[in-house]
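Scroll down for the structure; my scribbles are underneath it.
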Amino acid sequence: MTSIDAGPSGTLRVAPSILAADFGSLANAVREIDAETDWLHVDVMDGHFVPNVSIGPPVVKSLRQYSARFFDCHLMMSEPGRYLEAFRLAGADGCTVHVEVGSTASLIDEAHAMGLRVGLAANPDTPFSKVASFLGDIDLLLLMTVFPGFGGQSFIGDVMGKVKEARHEVDVNDLALDIEVDGGIDLETAPIAVEAGANVLVAGSAIFHSPDPLNAAHELRVAARTGRA
Ligand code: DX5
Ligand code: ZN
């Protein structure tokens, strides 16, 4: 199965989260922002790891027809291993699992064996030490800037300490690793996250709740690059 190239690690990427889009019109939402989309962020919630339910492989499969972008699937699931293959077959390019669910080493191996790009996510209150030993084995580290489960929450600035630690480790060890932030990313917080060392910016509300989502995604990119809107 072929994958869409994620591009070189470490470069600035905007990853719109479709969680904030109109689920009745997802194909249009995805096409509308395509020109400003590096990765498409797909939030999968199982109602167990997080207190909310969202979408799964059938929606990924449908959306695959409308986008040639890298599909960055964030699995907020207690048992992601049961679904990795289904996401892969549906057209996921990368899958991110949470370190809090355990079995991390085998999940990383399983996902890589399927040809997926692999991410590891940590909640805001999970210390950096829990992910540190996996940095050489993964393609992406997702440091949550809200507690997962819902869009539209406020950015937790304290997480920037972990982002800085991660960036330091990546630079010192010359790792091919993307550092992604997710939650409350907007024109004000995107430059803060980039300054701390993040290079992949997930944004839901800031893009899809705007009257002009394409322009909102563009402005986010500009703000991230220049440090201001
Ligand atoms: C939270 C999700 C995020 C969220 C981002 O559980 O992982 O991707 O939807 O949404 P905003 O940008 O609205 O915080
Ligand atoms: Zn997410």
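What you see is a predicted model; the values in this text were computed from it and never measured.
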Taking [atom1] in [X] as the centre, count heavy atoms belonging to other residues, nucleotides or ligands within less than 6.0 Å. Is the count above 12?
| X | atom1 | value |
| --- | --- | --- |
| Gln153 | CD | yes |
| Asp22 | CG | yes |
| His48 | NE2 | no |
| Phe128 | CZ | yes |

Verify the distance criterion only: is there a donor paired with an acceptor across the side chains of [X] and [Y] at less than 3.5 Å?
| X | Y | value |
| --- | --- | --- |
| Thr11 | Arg13 | yes |
| Asn28 | Ser25 | yes |
| Ser106 | Asp109 | no |
| His112 | Asp137 | no |
| Arg88 | Ser3 | yes |

Are Glu165 and Lys162 within salt-bridge range, i.e. N to O under 4.0 Å?
-> no
Assign the ring pair His74 / His98 to parallel, tilted or perpendicular, where the plane angle (0 to 90°) is split at 30° and 60°.
->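 Answer is parallel, since the angle falls under 30°.
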Out of curiosity, Asn215 CG to Ser210 OG, how far, rounded to the nearest 0.5 Å?
->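 Rounded to the nearest 0.5 Å, the CG-OG separation comes to 7.0 Å.
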If you measure from CD on Glu180 to CG on Leu120, what distance do you get to the nearest 0.5 Å?
-> 11.5 Å
Could you walk me through whether Asp5 and Arg69 pass the salt bridge (Lys or Arg N to Asp or Glu O under 4.0 Å) test, one step at a time?
-> CA-CA 9 Å; Asp5 188 12; Arg69 301 294 176 183; over 6 Å; no
Spell out, as yes or no, whether a donor-acceptor pair under 3.5 Å connects the side chain of [X] to the backbone of [Y].
| X | Y | result |
| --- | --- | --- |
| Glu219 | Ala216 | no |
| Asp182 | Thr145 | no |
| Arg117 | Gly94 | no |
| Arg64 | Ser67 | yes |

Which atom of Leu107 lies closest to which atom of Pro80, heavy atoms considered = CD1-CG, 3.9 Å
Please determine which of Val172, Asn173, Ile179, Asp178 meets the side-chain contact (heavy atoms from CB on, under 4.5 Å) test together with Leu175.
-> Asn173
Just so I know, are the side chains of [X] and [Y] near enough to count as touching, which here means a heavy-atom distance under 4.5 Å?
| X | Y | answer |
| --- | --- | --- |
| Asp125 | Phe147 | yes |
| Arg225 | Leu12 | yes |
| Phe150 | Pro51 | yes |
| Val42 | Ile18 | yes |
| Leu140 | Val118 | no |
| Ile4 | Phe71 | no |

